[in-house]
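This report concerns only the one structure given below.
Because the structure is predicted, anything quoted here is derived from the model rather than measured.
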Amino acid sequence: MLLREVAQALEAEEVVRAEDPDIEVDSAAAADLLSDILATGKEQFVILTGLVSPQVIRTAQVVGALAVFLVRGKHPTQEIIGLAQAHGIPLYTTSLPLFESCVRLAALAKP
Amino acid sequence: MSVINHTNGFSVAHELIYTLKVRDAMSRDVVTVTPDNSLREVQAILRERRISGTPVLEDGRLVGIVSLEDIISALDHGHIEERVGDWMTTNVVTIQDNMPLHRAVEYFRRYRFGRIPVLDAGGCLCGILTQADIVVRLMEELNHIAEEAARREIALLQRAGTPITQGQEVTMEFPVNAGDFDNAGIASARIKAALKERGIDIKVARRAAIATYEAETNIIIHSIGGAITARIGAESITIQAVDWGPGIEDVEMALRPGFSTASELVRVMGFGAGIGLPNIQKCADRFHIESKPGSGTRLEVEIDLHPLVSEGGE
(Lines give C-alpha, C1' and ligand atoms only; values in the text may rest on other atoms or scores of the structure.)
Protein backbone atom coordinates (compact mmCIF):
# COMPACT_ATOMS: atom_id res chain seq x y z
CA MET A 1 0.00 0.00 0.00
CA LEU A 2 1.13 3.55 -0.64
CA LEU A 3 1.41 6.26 1.99
CA ARG A 4 -1.30 8.31 0.32
CA GLU A 5 -3.60 5.25 0.32
CA VAL A 6 -2.95 4.83 4.04
CA ALA A 7 -3.80 8.50 4.60
CA GLN A 8 -6.96 8.11 2.54
CA ALA A 9 -8.08 4.96 4.36
CA LEU A 10 -7.62 6.72 7.68
CA GLU A 11 -9.42 9.85 6.43
CA ALA A 12 -6.34 11.67 7.66
CA GLU A 13 -5.51 15.32 7.44
CA GLU A 14 -1.96 16.07 6.33
CA VAL A 15 -0.26 18.42 8.80
CA VAL A 16 3.34 18.08 7.61
CA ARG A 17 3.54 17.31 3.91
CA ALA A 18 4.91 14.02 2.64
CA GLU A 19 7.61 14.58 0.07
CA ASP A 20 6.84 11.22 -1.48
CA PRO A 21 3.19 10.24 -0.89
CA ASP A 22 3.71 7.29 -3.25
CA ILE A 23 6.25 5.61 -0.99
CA GLU A 24 5.43 1.94 -0.32
CA VAL A 25 4.22 1.18 3.23
CA ASP A 26 4.52 -2.45 4.35
CA SER A 27 3.30 -2.22 7.90
CA ALA A 28 2.26 -0.09 10.86
CA ALA A 29 3.30 0.12 14.47
CA ALA A 30 0.30 1.09 16.60
CA ALA A 31 1.06 1.97 20.20
CA ASP A 32 0.77 4.65 22.83
CA LEU A 33 4.04 3.51 24.36
CA LEU A 34 7.13 4.80 22.62
CA SER A 35 9.23 1.93 23.96
CA ASP A 36 6.90 -0.48 22.12
CA ILE A 37 7.53 1.40 18.90
CA LEU A 38 11.27 1.43 19.59
CA ALA A 39 11.19 -2.33 20.13
CA THR A 40 9.59 -3.09 16.78
CA GLY A 41 11.67 -4.80 14.14
CA LYS A 42 9.44 -3.52 11.35
CA GLU A 43 10.67 -1.72 8.28
CA GLN A 44 8.89 0.52 5.78
CA PHE A 45 6.27 1.22 8.40
CA VAL A 46 4.16 4.09 9.70
CA ILE A 47 3.43 4.91 13.33
CA LEU A 48 -0.15 5.15 14.60
CA THR A 49 -0.38 6.63 18.06
CA GLY A 50 -2.65 8.53 20.40
CA LEU A 51 0.36 9.99 22.16
CA VAL A 52 1.01 13.63 21.34
CA SER A 53 4.50 14.72 22.33
CA PRO A 54 7.69 15.85 20.61
CA GLN A 55 9.13 12.46 21.55
CA VAL A 56 6.81 10.78 19.05
CA ILE A 57 8.67 12.58 16.25
CA ARG A 58 12.09 11.82 17.75
CA THR A 59 11.07 8.17 18.06
CA ALA A 60 9.91 8.15 14.44
CA GLN A 61 13.26 9.58 13.41
CA VAL A 62 15.23 7.01 15.42
CA VAL A 63 13.34 4.00 14.05
CA GLY A 64 13.12 5.47 10.54
CA ALA A 65 9.31 5.43 10.37
CA LEU A 66 7.84 6.69 7.08
CA ALA A 67 5.15 8.81 8.70
CA VAL A 68 3.30 9.49 11.95
CA PHE A 69 -0.49 9.34 12.25
CA LEU A 70 -2.01 10.87 15.39
CA VAL A 71 -5.29 9.10 16.10
CA ARG A 72 -8.48 9.93 18.07
CA GLY A 73 -8.55 13.49 16.71
CA LYS A 74 -5.43 14.50 18.60
CA HIS A 75 -3.86 17.61 17.19
CA PRO A 76 -0.12 18.29 17.35
CA THR A 77 1.32 21.44 18.94
CA GLN A 78 3.27 23.84 16.75
CA GLU A 79 6.48 22.55 18.35
CA ILE A 80 5.67 19.01 17.24
CA ILE A 81 4.88 20.26 13.73
CA GLY A 82 8.22 22.09 13.67
CA LEU A 83 10.10 18.96 14.79
CA ALA A 84 8.42 16.88 12.10
CA GLN A 85 9.38 19.50 9.52
CA ALA A 86 12.99 19.55 10.74
CA HIS A 87 13.28 15.76 10.46
CA GLY A 88 11.28 15.53 7.24
CA ILE A 89 8.69 13.21 8.80
CA PRO A 90 5.21 13.42 7.27
CA LEU A 91 2.63 14.04 10.01
CA TYR A 92 -1.09 13.31 9.81
CA THR A 93 -4.08 13.48 12.11
CA THR A 94 -7.18 11.32 11.99
CA SER A 95 -10.32 11.41 14.09
CA LEU A 96 -10.50 7.59 13.99
CA PRO A 97 -9.57 5.71 17.17
CA LEU A 98 -6.48 3.48 17.19
CA PHE A 99 -8.38 0.21 16.83
CA GLU A 100 -10.53 1.44 13.94
CA SER A 101 -7.40 2.78 12.24
CA CYS A 102 -5.77 -0.63 12.50
CA VAL A 103 -8.88 -2.35 11.13
CA ARG A 104 -8.88 -0.04 8.12
CA LEU A 105 -5.19 -0.63 7.44
CA ALA A 106 -5.63 -4.39 7.75
CA ALA A 107 -8.39 -4.20 5.15
CA LEU A 108 -6.19 -2.09 2.90
CA ALA A 109 -3.21 -4.42 3.25
CA LYS A 110 -5.27 -7.54 2.33
CA PRO A 111 -7.63 -6.62 -0.47
CA MET B 1 -11.14 27.71 12.09
CA SER B 2 -9.98 24.32 13.30
CA VAL B 3 -6.68 25.93 14.32
CA ILE B 4 -8.13 27.65 17.34
CA ASN B 5 -10.66 25.02 18.26
CA HIS B 6 -8.32 22.11 18.91
CA THR B 7 -7.31 21.50 22.47
CA ASN B 8 -3.60 21.80 21.88
CA GLY B 9 -3.79 24.65 19.39
CA PHE B 10 -6.26 26.45 21.61
CA SER B 11 -3.89 27.40 24.39
CA VAL B 12 -1.39 28.82 21.91
CA ALA B 13 -4.00 30.70 19.86
CA HIS B 14 -5.61 31.86 23.08
CA GLU B 15 -2.31 33.22 24.32
CA LEU B 16 -1.69 34.87 20.96
CA ILE B 17 -4.93 36.87 20.94
CA TYR B 18 -3.79 38.40 24.23
CA THR B 19 -0.27 39.27 23.05
CA LEU B 20 -0.96 40.37 19.47
CA LYS B 21 -2.33 43.86 18.95
CA VAL B 22 -5.09 44.97 16.62
CA ARG B 23 -2.46 46.69 14.43
CA ASP B 24 -0.66 43.35 14.00
CA ALA B 25 -3.70 41.89 12.25
CA MET B 26 -5.51 44.81 10.58
CA SER B 27 -5.36 45.65 6.88
CA ARG B 28 -3.63 48.98 6.33
CA ASP B 29 -4.77 49.35 2.76
CA VAL B 30 -8.22 50.77 3.56
CA VAL B 31 -10.67 51.61 0.79
CA THR B 32 -12.69 54.66 1.85
CA VAL B 33 -15.48 56.76 0.34
CA THR B 34 -16.81 60.26 1.08
CA PRO B 35 -20.34 61.30 2.08
CA ASP B 36 -20.74 62.77 -1.39
CA ASN B 37 -20.19 59.49 -3.24
CA SER B 38 -23.41 57.87 -4.42
CA LEU B 39 -24.43 54.49 -3.07
CA ARG B 40 -24.22 53.24 -6.67
CA GLU B 41 -20.51 54.21 -6.71
CA VAL B 42 -19.99 52.40 -3.41
CA GLN B 43 -21.69 49.32 -4.88
CA ALA B 44 -19.15 49.36 -7.75
CA ILE B 45 -16.22 49.82 -5.35
CA LEU B 46 -17.34 46.94 -3.11
CA ARG B 47 -17.71 44.67 -6.13
CA GLU B 48 -14.38 45.69 -7.63
CA ARG B 49 -12.38 45.36 -4.41
CA ARG B 50 -14.36 42.31 -3.27
CA ILE B 51 -15.04 43.80 0.16
CA SER B 52 -18.24 43.97 2.16
CA GLY B 53 -18.09 47.46 3.59
CA THR B 54 -16.09 50.67 3.71
CA PRO B 55 -15.54 53.55 6.12
CA VAL B 56 -16.74 57.02 5.12
CA LEU B 57 -14.23 59.85 5.55
CA GLU B 58 -14.83 63.59 5.50
CA ASP B 59 -11.70 65.79 5.61
CA GLY B 60 -9.74 62.73 6.81
CA ARG B 61 -12.13 62.17 9.72
CA LEU B 62 -14.22 59.02 10.12
CA VAL B 63 -17.89 60.03 9.92
CA GLY B 64 -19.63 56.77 9.08
CA ILE B 65 -19.56 53.34 7.51
CA VAL B 66 -21.43 51.77 4.58
CA SER B 67 -21.86 48.02 4.28
CA LEU B 68 -23.16 45.62 1.68
CA GLU B 69 -26.41 45.40 3.66
CA ASP B 70 -26.89 49.17 3.21
CA ILE B 71 -26.39 48.73 -0.55
CA ILE B 72 -28.88 45.84 -0.73
CA SER B 73 -31.39 47.89 1.24
CA ALA B 74 -30.81 50.89 -1.09
CA LEU B 75 -31.45 48.68 -4.13
CA ASP B 76 -34.58 47.32 -2.43
CA HIS B 77 -35.97 50.73 -1.52
CA GLY B 78 -34.86 52.61 -4.62
CA HIS B 79 -32.36 55.07 -3.17
CA ILE B 80 -29.21 53.57 -4.73
CA GLU B 81 -28.43 56.81 -6.64
CA GLU B 82 -28.53 58.92 -3.46
CA ARG B 83 -25.66 60.31 -1.35
CA VAL B 84 -23.75 58.03 1.04
CA GLY B 85 -23.94 60.79 3.66
CA ASP B 86 -27.72 60.42 3.83
CA TRP B 87 -27.80 56.66 4.35
CA MET B 88 -24.57 55.62 6.05
CA THR B 89 -24.36 54.33 9.61
CA THR B 90 -23.03 57.23 11.66
CA ASN B 91 -22.83 55.56 15.02
CA VAL B 92 -19.60 53.70 14.21
CA VAL B 93 -17.96 51.32 16.66
CA THR B 94 -14.18 51.65 16.31
CA ILE B 95 -11.20 50.06 17.98
CA GLN B 96 -7.77 51.43 18.89
CA ASP B 97 -4.79 49.99 17.02
CA ASN B 98 -2.92 49.27 20.27
CA MET B 99 -5.70 47.11 21.76
CA PRO B 100 -5.02 43.38 22.18
CA LEU B 101 -6.72 41.20 19.58
CA HIS B 102 -8.94 39.52 22.17
CA ARG B 103 -10.77 42.86 22.55
CA ALA B 104 -11.52 42.80 18.83
CA VAL B 105 -12.74 39.21 19.09
CA GLU B 106 -15.08 40.36 21.87
CA TYR B 107 -16.38 43.22 19.70
CA PHE B 108 -17.09 40.89 16.79
CA ARG B 109 -18.94 38.55 19.13
CA ARG B 110 -20.96 41.35 20.72
CA TYR B 111 -21.83 43.50 17.70
CA ARG B 112 -21.74 40.91 14.91
CA PHE B 113 -20.10 43.41 12.53
CA GLY B 114 -18.29 42.27 9.43
CA ARG B 115 -15.51 44.81 9.98
CA ILE B 116 -14.32 47.34 12.53
CA PRO B 117 -12.46 50.54 11.57
CA VAL B 118 -9.19 50.95 13.48
CA LEU B 119 -8.08 54.32 14.86
CA ASP B 120 -4.59 55.37 15.91
CA ALA B 121 -3.78 57.31 19.11
CA GLY B 122 -4.64 60.57 17.31
CA GLY B 123 -8.10 59.31 16.41
CA CYS B 124 -7.29 58.97 12.70
CA LEU B 125 -8.35 55.95 10.66
CA CYS B 126 -5.25 53.76 10.21
CA GLY B 127 -6.71 50.40 9.23
CA ILE B 128 -9.66 48.07 9.13
CA LEU B 129 -10.10 44.71 10.83
CA THR B 130 -12.20 41.70 9.84
CA GLN B 131 -12.53 38.31 11.51
CA ALA B 132 -10.70 36.84 8.52
CA ASP B 133 -7.75 39.18 9.24
CA ILE B 134 -7.57 37.76 12.77
CA VAL B 135 -7.67 34.16 11.56
CA VAL B 136 -4.99 34.81 8.94
CA ARG B 137 -2.75 36.53 11.49
CA LEU B 138 -3.16 33.68 13.99
CA MET B 139 -2.34 31.15 11.27
CA GLU B 140 0.79 33.09 10.35
CA GLU B 141 1.84 33.30 13.97
CA LEU B 142 1.22 29.58 14.57
CA ASN B 143 3.23 28.72 11.46
CA HIS B 144 5.97 30.97 12.72
CA ILE B 145 6.11 29.04 16.01
CA ALA B 146 6.43 25.76 14.08
CA GLU B 147 9.15 27.21 11.85
CA GLU B 148 11.03 28.43 14.91
CA ALA B 149 10.82 24.95 16.45
CA ALA B 150 12.15 23.45 13.21
CA ARG B 151 15.02 25.94 13.09
CA ARG B 152 15.87 25.28 16.73
CA GLU B 153 15.93 21.53 16.15
CA ILE B 154 18.18 21.81 13.09
CA ALA B 155 20.57 24.14 14.94
CA LEU B 156 20.59 21.74 17.89
CA LEU B 157 21.41 18.80 15.65
CA GLN B 158 24.23 20.69 13.97
CA ARG B 159 25.74 21.85 17.24
CA ALA B 160 25.43 18.73 19.36
CA GLY B 161 28.27 16.25 19.78
CA THR B 162 30.86 17.78 17.47
CA PRO B 163 32.86 14.77 16.21
CA ILE B 164 36.50 14.54 17.28
CA THR B 165 38.60 12.41 14.95
CA GLN B 166 41.61 10.51 16.28
CA GLY B 167 43.18 8.22 13.73
CA GLN B 168 40.42 5.93 12.50
CA GLU B 169 38.19 6.61 15.46
CA VAL B 170 35.57 9.33 15.75
CA THR B 171 34.24 10.32 19.16
CA MET B 172 31.05 12.25 19.85
CA GLU B 173 30.02 13.32 23.32
CA PHE B 174 26.61 14.50 24.48
CA PRO B 175 25.78 15.76 27.96
CA VAL B 176 22.33 14.57 29.08
CA ASN B 177 20.47 16.45 31.79
CA ALA B 178 17.98 14.97 34.24
CA GLY B 179 14.39 15.65 33.25
CA ASP B 180 15.37 17.27 29.96
CA PHE B 181 12.87 15.55 27.66
CA ASP B 182 13.12 18.39 25.14
CA ASN B 183 16.54 17.21 24.12
CA ALA B 184 15.91 13.47 24.32
CA GLY B 185 16.82 12.00 20.97
CA ILE B 186 19.41 14.56 19.92
CA ALA B 187 22.34 12.22 20.57
CA SER B 188 20.66 9.34 18.78
CA ALA B 189 19.74 11.49 15.77
CA ARG B 190 23.34 12.73 15.50
CA ILE B 191 24.82 9.25 15.87
CA LYS B 192 22.42 7.83 13.29
CA ALA B 193 23.31 10.63 10.86
CA ALA B 194 27.04 10.09 11.45
CA LEU B 195 26.72 6.36 10.67
CA LYS B 196 24.64 7.05 7.58
CA GLU B 197 27.27 9.52 6.38
CA ARG B 198 29.84 6.73 6.64
CA GLY B 199 27.70 4.53 4.46
CA ILE B 200 26.89 2.12 7.30
CA ASP B 201 23.91 -0.15 6.66
CA ILE B 202 20.68 1.58 7.72
CA LYS B 203 19.62 -1.38 9.91
CA VAL B 204 22.85 -1.11 11.87
CA ALA B 205 22.46 2.67 12.17
CA ARG B 206 18.92 2.14 13.40
CA ARG B 207 20.03 -0.30 16.11
CA ALA B 208 22.66 2.17 17.28
CA ALA B 209 20.09 4.99 17.28
CA ILE B 210 17.51 2.96 19.23
CA ALA B 211 20.07 1.86 21.85
CA THR B 212 21.27 5.46 22.22
CA TYR B 213 17.74 6.83 22.46
CA GLU B 214 16.73 4.36 25.17
CA ALA B 215 19.94 5.16 27.04
CA GLU B 216 19.32 8.91 26.71
CA THR B 217 15.78 8.62 28.05
CA ASN B 218 17.00 6.39 30.89
CA ILE B 219 19.43 9.09 32.00
CA ILE B 220 16.73 11.76 31.65
CA ILE B 221 14.10 9.77 33.54
CA HIS B 222 16.06 7.98 36.24
CA SER B 223 19.33 9.77 36.92
CA ILE B 224 20.58 13.09 38.24
CA GLY B 225 22.38 13.63 34.92
CA GLY B 226 25.08 12.07 32.81
CA ALA B 227 26.49 11.82 29.33
CA ILE B 228 26.46 9.71 26.20
CA THR B 229 29.70 9.04 24.37
CA ALA B 230 29.83 7.34 21.00
CA ARG B 231 33.06 6.00 19.56
CA ILE B 232 32.83 5.02 15.93
CA GLY B 233 35.70 2.79 14.90
CA ALA B 234 36.41 0.91 11.69
CA GLU B 235 34.63 -2.27 12.82
CA SER B 236 32.18 -1.23 15.50
CA ILE B 237 30.46 1.58 17.34
CA THR B 238 30.65 1.76 21.11
CA ILE B 239 28.01 3.76 22.93
CA GLN B 240 28.67 4.60 26.52
CA ALA B 241 25.94 5.95 28.76
CA VAL B 242 27.25 7.13 32.09
CA ASP B 243 25.31 8.84 34.83
CA TRP B 244 26.23 10.12 38.27
CA GLY B 245 23.52 8.46 40.24
CA PRO B 246 21.48 7.36 42.05
CA GLY B 247 22.31 3.93 40.62
CA ILE B 248 20.15 0.84 40.11
CA GLU B 249 19.10 -1.25 43.17
CA ASP B 250 18.83 -4.55 41.35
CA VAL B 251 20.37 -4.61 37.88
CA GLU B 252 19.06 -8.08 37.13
CA MET B 253 15.53 -6.98 37.93
CA ALA B 254 15.95 -3.86 35.76
CA LEU B 255 16.85 -6.05 32.81
CA ARG B 256 13.60 -7.99 33.10
CA PRO B 257 11.08 -6.93 30.46
CA GLY B 258 8.15 -5.13 32.07
CA PHE B 259 9.96 -4.14 35.24
CA SER B 260 9.84 -0.39 35.71
CA THR B 261 10.30 2.18 38.43
CA ALA B 262 9.20 5.08 36.23
CA SER B 263 6.70 7.61 37.57
CA GLU B 264 3.16 8.00 36.29
CA LEU B 265 4.17 11.27 34.60
CA VAL B 266 6.88 9.50 32.64
CA ARG B 267 4.43 6.78 31.63
CA VAL B 268 1.96 9.39 30.37
CA MET B 269 4.74 10.61 28.11
CA GLY B 270 4.97 7.16 26.57
CA PHE B 271 8.03 5.90 28.42
CA GLY B 272 8.66 3.68 31.40
CA ALA B 273 7.15 0.49 30.00
CA GLY B 274 10.05 -1.46 31.46
CA ILE B 275 11.43 -2.57 28.12
CA GLY B 276 14.12 0.09 27.70
CA LEU B 277 17.10 -1.90 28.96
CA PRO B 278 15.96 -5.18 27.36
CA ASN B 279 15.53 -3.24 24.11
CA ILE B 280 19.07 -1.84 24.36
CA GLN B 281 20.31 -5.37 24.99
CA LYS B 282 18.46 -6.58 21.89
CA CYS B 283 20.11 -3.92 19.73
CA ALA B 284 23.62 -4.62 21.04
CA ASP B 285 26.20 -7.15 19.86
CA ARG B 286 27.97 -6.71 23.19
CA PHE B 287 26.30 -5.28 26.26
CA HIS B 288 27.69 -4.41 29.65
CA ILE B 289 26.06 -2.65 32.58
CA GLU B 290 27.33 -1.90 36.03
CA SER B 291 25.56 0.07 38.69
CA LYS B 292 25.68 0.59 42.39
CA PRO B 293 23.09 2.36 44.51
CA GLY B 294 24.59 5.58 45.77
CA SER B 295 26.91 5.92 42.80
CA GLY B 296 26.10 5.97 39.11
CA THR B 297 25.31 3.59 36.31
CA ARG B 298 27.64 2.77 33.46
CA LEU B 299 26.22 1.16 30.35
CA GLU B 300 28.29 0.11 27.39
CA VAL B 301 26.90 -1.13 24.12
CA GLU B 302 28.93 -2.28 21.17
CA ILE B 303 27.44 -2.83 17.74
CA ASP B 304 29.34 -4.32 14.80
CA LEU B 305 29.22 -2.00 11.83
CA HIS B 306 29.58 -4.70 9.20
CA PRO B 307 27.63 -7.77 10.36
CA LEU B 308 28.39 -10.88 8.29
CA VAL B 309 24.86 -12.27 8.17
CA SER B 310 22.13 -10.08 6.73
CA GLU B 311 19.69 -9.07 9.41
CA GLY B 312 16.03 -9.84 9.11
CA GLY B 313 13.18 -7.97 10.75
CA GLU B 314 10.99 -9.54 13.38
Side-chain angles (χ1 to χ4, degrees), chain A residues 13-17 26-45 47-66 68 70 72-89 91 93-95 98, chain B residues 2-3 5-12 141-157 181-186 188-189 192 202-203 205-206 208-214 216-217 257 260 267-276 278-280 282-283 311-314:
Chain A
E13 184 191 328
E14 192 179 54
V15 181
V16 173
R17 226 170 59 83
D26 289 346
S27 179
D32 282 355
L33 276 174
L34 294 176
S35 305
D36 279 344
I37 295 168
L38 287 166
T40 183
K42 286 174 177 155
E43 284 168 45
Q44 292 294 107
F45 71 105
I47 293 173
L48 307 185
T49 185
L51 187 71
V52 182
S53 89
Q55 292 314 318
V56 172
I57 304 300
R58 295 253 169 81
T59 300
Q61 195 275 337
V62 164
V63 297
L66 299 175
V68 172
L70 302 178
R72 298 198 291 273
K74 300 279 182 75
H75 212 267
T77 62
Q78 299 309 112
E79 278 76 11
I80 295 174
I81 294 171
L83 278 195
Q85 284 167 345
H87 289 290
I89 294 167
L91 180 62
T93 60
T94 172
S95 54
L98 190 56
Chain B
S2 64
V3 187
N5 279 339
H6 285 293
T7 342
N8 283 310
F10 181 74
S11 57
V12 185
E141 204 61 29
L142 288 172
N143 281 339
H144 177 71
I145 296 172
E147 281 163 17
E148 274 301 301
R151 248 196 299 278
R152 212 169 38 239
E153 179 79 356
I154 289 165
L156 208 57
L157 287 173
F181 280 97
D182 287 347
N183 290 314
I186 294 294
S188 43
K192 192 179 181 186
I202 183 69
K203 290 175 198 164
R206 171 167 141 169
I210 293 171
T212 309
Y213 188 58
E214 292 279 17
E216 275 182 279
T217 50
S260 176
R267 286 166 202 252
V268 167
M269 294 176 80
F271 295 104
I275 51 176
N279 201 12
I280 295 176
K282 204 176 81 182
C283 291
E311 295 172 47
E314 262 181 17

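Looking at B/E148, neither its backbone nor its side chain comes within 4.5 Å of chain A, counting heavy atoms on both sides. Within the 4.5 angstrom heavy-atom criterion, atoms from both the backbone and the side chain of A/T59 approach chain B. The contact between B/I210 and chain A is made by backbone and side chain atoms together, counting heavy-atom distances below 4.5 Å. Looking at A/L51, only its side chain comes within 4.5 Å of chain B, counting heavy atoms on both sides. Contacts of B/R151 with chain A are absent, with no heavy-atom separation under 4.5 Å from either backbone or side chain.
Note that CD of A/Q78 and NE2 of B/H144 are 11.5 Å apart. Values are rounded to the nearest 0.5 Å. Between atom CZ of residue B/R206 and atom CG of residue A/L38 there is a gap of 9.5 Å, rounded to the nearest 0.5 Å.
Listed options A/V56, A/L83, A/I81 were ranked by heavy-atom pairs under 4.5 angstrom with chain B; first place goes to A/L83. Chain A forms more heavy-atom pairs under 4.5 Å with one residue of B/R152, B/M269, B/E147 than with any other, namely B/M269.
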**OP:** Could you walk me through whether A/H87 and B/L157 pass the side-chain contact (heavy atoms from CB on, under 4.5 Å) test, one step at a time?
**Re:** CA-CA 10 Å; A/H87 289 290; B/L157 287 173; 3.5 Å; yes

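Counting all heavy atoms, side chain and backbone alike, B/A149 lies closest to A/G82 at CB-CA, 4.0 Å. Annotation for A/A39 and B/I275: closest pair CB-CD1, 4.4 Å, computed over non-hydrogen atoms. Looking at every heavy atom in both residues, A/L33 comes nearest to B/F271 through CD2-O, 4.2 Å. Between A/A86 and B/A150 the shortest heavy-atom distance is CB-O, 3.6 Å.
Here the side chains of B/K203 and A/E43 are in contact, with some heavy-atom distance below 4.5 Å.
A donor-acceptor contact under 3.5 angstrom links the side chains of A/Q55 and B/Y213, judged on distance only.
Put simply, the side chain of A/R58 gets close to the backbone of B/D182: a donor and an acceptor are under 3.5 Å apart.
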